[in-house]
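Here is the structure we will look at.
Lettering follows sequence order; numbering is per chain, from 1.
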Amino acid sequence: MTKSVLEGLNPSQKQAVLHLDGPVLVLAGAGSGKTRIITNRIAHLVNDRDVSPSNILAVTFTNKAAGEMKERVEGLVPGTSRKLWIGTFHSICLRILKREIDKLEGFRRDFVIYDEGDQIKLIKECIKSLGYNEKVMEPKFVRSQIDRAKNMAIHPGDEAPSIYQGRVARVFDLYQSELRRVNALDFGDLIAYVLRLFEGREDVREVYRNKFHFILIDEYQDTNKLQYNFIKLLTGERANVFAVGDDNQSIYGWRGADISNILNFPRDFENARVVKLEQNYRSTKIILDASNALISKNAHKHEKRLWTENPGGQKLKYYEASDERDEAHYICEQIRCEISKGGLSYGDFAVFYRTNNQSRMIEEELLRSGVPYTIVGAVGFYSRAEIKNVLAYLKVIANPLDDISLKRIINVPSRGLGKATVQSLEDIARSRVVSVFKAMDIAVDEGIVSKKAVNGLKNFKALLEGFIEYSSAHSVGDVLRRVLEKTGYLETLKGDEERLRNVGEMLNEAAEFSDNRGSGSVQDFLESVILTSDVDNLDEKKGTVALMTMHCAKGLEFPVVFIAGMEENLFPHIKSRENPKQLEEERRLFYVGLTRAKEKIFLTSTSSRRFYGEEKRSTPSRFVAEIPKELLVWESYNVPSPESSSSKGGRGREGSLKRKWTLPAVNRNGVGMRGANGKHSPKGVSLNGGGGLYVVGERVEHQAFGQGIVRNVEGDRDGRKVVIMFPGMGVKTIMETFVGLKKV
DNA sequence: ACCGATTGAATTTTT
DNA sequence: TTCAATCGGT
């Protein structure tokens with residue numbers, strides 16, 4: 001037995017690693033060392049049980065996780081990682097399809113993958129050509145419906161109840177055949193077609209069943225029906241499934257993840273063994289207690305209690321800012337403050353938020369104070385128009401049947417091929433059942449379009465054919481460089497620094513891709529671009545503060561974590577308010593955020609936030625109140641030291657900002673007073689202490705409003721009133737003597 | 001066919 | 001607020 005495989009593992013971990021044949025569900029709480037379990041188990045299989053690495057399939061949630069796992073396995077058993085199959089469901093299925101898809105009728109191996117934007121464009125066309133009104137049937141909505149259906153393994157023709165009938169189903173149907181016509185697959189198809197292949201071709205299925213004797217799946221709580229079917233079909237009788245997950249971290253319900261996969265595992269797989277990993281090695285006791293308390297508010301979960309031997313640590317800090325700028329500034333100051341204490345570097349910090357748009361202000365503030373940061377995800381690099389254009393060129397080069405991409409670039413840069421020309425091309429394509437690419441020839445030969453357009457079409461077609469020819473013998477980097485040269489696209493971007501930079505960045509990436517992988521074809525590059533998420537590129541060793549949504553944060557850990565925007569209607573998000581199930585998912589999301597932290601957590605909210613240009617009042621999230629009060633410290637209003645705000649370039653806007661800072665911003669809660677005199681108070685409590693029954697910061701319970709937190713005490717001793725913030729219900733002012741009010 | 005200007009819609013979360 | 005789509009004039 002290889003010693004290193006079991007070294008330092010606790011009994012449950014050992015049990016999981018050593019398990020023999022048959023299904024296992026490892027319920028691995030946050031920070032319980034699940035990655036280690038998976039990698040060590042792989043090592044154990046290979047080293048001690050003579051399993052060939054090529055007979056092992058490991059499914060991870062992100063490419064990043066796959067890469068890390070590969071590395072760790074390689075460290076344990078050198079030489080194995082190359083033969084292992086490790087990757088996301090999507091990348092694994094892509095790998096299978098690239099070998100097998102021509103066994104499905106009407107598919108070719110040189111297909112491209114459509115991203116969300118492509119999907120929407122195609123769906124829009126389908127809606128139009130079916131004669132539906134796209135104002136009524138929103139393409140975006142239809143897309144999400146189709147996506148959902150796919151994730152639930154529903155086919156267009158299926159007799160499914162509800163929304164999948166009727167017009168959406170008709171669009172779905174047409175969309176699928178259009179995808180096939182243009183030789184493209186969407187995300188869901190990657191998995192769905194593998195399934196179809198396995199179902200329809202026993203010989204193919206047997207090849208993979210015989211190959212993958214052992215299947216390990218990480219983040220099992222976030223698998224959907226489609227993925228479940230894939231696993232089921234692949235394991236067959238053998239059922240050597242090793243599923244690792246934590247139902248408390250299921251946060252992708254909206255994407256079709258089916259929490260019942262993990263909840264029903266013991267029923268789905270006969271004789272399944274369940275191993276619980278309940279010891280947390282990541283966080284301080286206080287962080288763990290807070291997380292446990294929070295998640296206990298959820299009804300649906302496996303019973304599991306995380307514990308730790310780690311020391312207590314520091315209480316969570318909560319700061320209520322006046323607005324986003326204040327919030328961002330607070331975060332900035334805290335980071336600088338922690339750094340100045342020594343021992344930590346910028347890379348040890350992460351700032352999480354619910355929605356991507358929240359990153360703006362925080363980014364600005366970090367920039368202003370010179371704190372290095374990395375934003376993960378934001379407004380996707382790949383969703384910018386200039387990048388999409390460049391990618392569209394590559395897509396057409398890889399797959400000339402791709403009408404959507406072709407139409408996108410036909411007049412970029414402008415070459416006299418406008419709406420009318422495109423319309424005639426589409427007419428030709430439809431009537432003769434050919435691609436738009438082909439239709440260009442026909443239009444030229446038969447002179448169906450204007451003289452000017454004929455010329456433009458000729459040139460454009462020749463240009464593309466030149467690229468295609470060139471790409472057969474050159475790597476993406478070269479191809480892209482040539483595209484930019486010959487089309488003169490860069491010239492049209494002149495003056496727009498940012499766009500130029502983006503395209504330059506894209507070119508770098510393509511060149512790098514070619515270098516790293518010897519050949520690096522256009523198709524390979526496109527696949528990597530579309531299947532690679534932003535988190536995959538996050539480098540913790542870079543030494544920068546990481547900014548990301550809590551969804552992105554899954555699987556990561558940081559010594560110090562900030563969670564911004566702890567406000568009702570933002571987190572929990574307004575759209576998940578009505579549905580208790582969705583509310584529970586929001587709570588799990590918060591749980592994920594909290595459990596990323598090793599040492600310190602800062603929570604922040606604002607009392608007013610701008611939405612689309614409009615300022616809206618906001619109240620603290622109910623989740624804040626769900627953290628036991630003895631684990632939470634209310635931070636007072638925290639005025640920045642004079643140097644820090646004035647030394648940074650005093651450009652126009654900042655003047656007014658500074659004034660904001662010197663105002664006792666939130667007078668009504670009394671906390672602002674202390675801050676205004678420049679003194680930092682570690683606790684924003686007990687300011688009015690001594691006199692009345694209630695003190696600021698204290699937790700109270702109202703017979704009707706439930707639990708709340710005292711924000712201020714007003715009036716004199718004859719008629720003292722308490723101002724209380726009830727999470728989710730707002731701020732109320734109540735007589736101190738009211739009988740329905742008591743301390744908690 | 002092209003350009004600029006006006007209007008309107010959008011904010012969950014992502015492989 | 002910011003972006004994209006649409007409109008109308010040239």
Side-chain angles (χ1 to χ4, degrees), chain A residues 59-66 87-94 113-117 119-121 124 134-135 138-140 143-144 147 150-151 185-191 219 222-224 226-227 250-257 324 352-361 376-380 382-385 388 410-411 413-423 449-450 452-453 456 492 527-536 548-555 565 569-577 582 585-586 588-590 592-593 609-616:
Chain A
V59 187
T60 58
F61 196 71
T62 63
N63 298 296
K64 183 184 164 72
T88 62
F89 276 103
H90 292 92
S91 64
I92 284 163
C93 286
L94 173 65
I113 303 169
Y114 265 17
D115 64 19
E116 191 176 334
Q119 288 185 69
I120 288 176
K121 280 199 164 168
K124 208 174 190 171
E134 61 176 288
K135 288 268 147 50
E138 287 172 68
K140 255 188 162 171
R143 191 208 76 90
S144 71
D147 236 39
K150 280 191 183 173
N151 286 333
L185 269 63
D186 67 17
F187 283 112
D189 289 341
L190 289 175
I191 299 169
E219 308 281 7
D222 282 319
T223 54
N224 60 38
L226 197 60
Q227 293 161 340
S250 162
I251 53 176
Y252 283 92
W254 52 273
R255 200 169 86 185
E324 303 105 298
F352 302 153
Y353 33 78
R354 178 65 238 267
T355 62
N356 274 311
N357 57 27
Q358 291 172 252
S359 67
R360 274 261 157 88
M361 193 60 76
V376 177
V379 184
Y382 294 105
S383 60
R384 287 163 215 251
K388 280 200 211 153
I410 194 165
N411 206 28
S414 114
R415 46 175 77 88
L417 301 174
K419 243 206 295 237
T421 312
V422 172
Q423 185 59 54
V449 290
S450 72
K452 188 171 129 208
T492 67
E527 280 159 8
S528 115
V529 159
I530 201 160
L531 290 185
T532 304
S533 70
D534 230 28
V535 231
D536 295 333
M548 69 190 89
T549 64
M550 271 167 281
H551 283 90
C552 278
K554 193 170 76 161
N569 297 335
L570 180 59
F571 190 33
H573 196 272
I574 188 161
K575 298 216 168 158
S576 44
R577 230 181 14 177
Q582 287 183 38
E585 183 156 315
E586 293 284 298
R588 291 195 294 268
L589 186 58
F590 186 32
V592 167
R609 179 181 295 275
R610 267 228 208 352
F611 277 90
Y612 359 74
E614 239 185 319
E615 208 161 274
K616 289 206 162 177

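- Heavy-atom nearest nucleotides on DNA chain B were determined for Lys419(A) and for Gln582(A), and the one closer to the 5' end corresponds to Lys419(A).
- No engagement by Lys554(A) is indicated, since no non-hydrogen atom pair under 4.0 Å with the nucleic acid exists.
- Ser414(A) comes within 4.0 angstrom of sugar-phosphate atoms only, judged by non-hydrogen atoms across all strands, and of no base.
- With sequence neighbours excluded, the residues forming a ring-ring contact (aromatic ring centres under 6.0 Å, His included) with Phe590(A) are Phe571(A), Phe623(A), listed by chain and number.
- Read 5' to 3', the first and last nucleotides of DNA chain B with an atom closer than 4.0 Å to a heavy atom of chain A are dA1(B) to dT15(B).
- Residue Thr421(A) is classed as a sugar-phosphate contact, given heavy-atom separations below 4.0 Å to backbone atoms only.
- Between Lys140(A) and Ile120(A) the shortest side-chain heavy-atom distance falls below 4.5 Å.
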*For every nucleotide of nucleotides 2-10 of chain C, 5' to 3': is a protein heavy atom under 4.0 Å from its base (B), only from its sugar-phosphate (S), or from neither (-)?*
S--------

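- Residues that satisfy the ring-ring contact (aromatic ring centres under 6.0 Å, His included) test with Phe187(A), not counting sequence neighbours, are His90(A).
- Mapping His90(A) and Ala420(A) onto DNA chain B via the closest heavy atom, the residue that lands nearer the 5' end is Ala420(A).
- Counting any heavy atom pair closer than 4.0 Å across all strands shown, Glu138(A) reaches sugar-phosphate atoms only and no base atom.
- The nearest pair of heavy atoms linking Pro413(A) to Thr492(A) is CB-CG2, 3.3 Å.
- The only option from Arg588(A), Lys554(A), Arg255(A) that meets the salt bridge (charged side-chain N to carboxylate O under 4.0 Å, His left out) definition with Asp222(A) turns out to be Lys554(A).
- Annotation: side chain to side chain contact (heavy atoms under 4.5 Å, CB included) contacts of Thr355(A) (sequence neighbours excluded): Asn357(A), Gln358(A), Leu570(A), His573(A).
- Residues satisfying the side chain to side chain contact (heavy atoms under 4.5 Å, CB included) test with Glu138(A), not counting sequence neighbours, are Phe141(A).
- Nearest heavy-atom pair, Lys575(A) versus Gln582(A), reported as atom, atom and distance to 0.1 Å: O-OE1, 3.1 Å.
- Note on Asn411(A): only backbone sugar-phosphate atoms sit closer than 4.0 angstrom, heavy atoms only; bases stay farther off.
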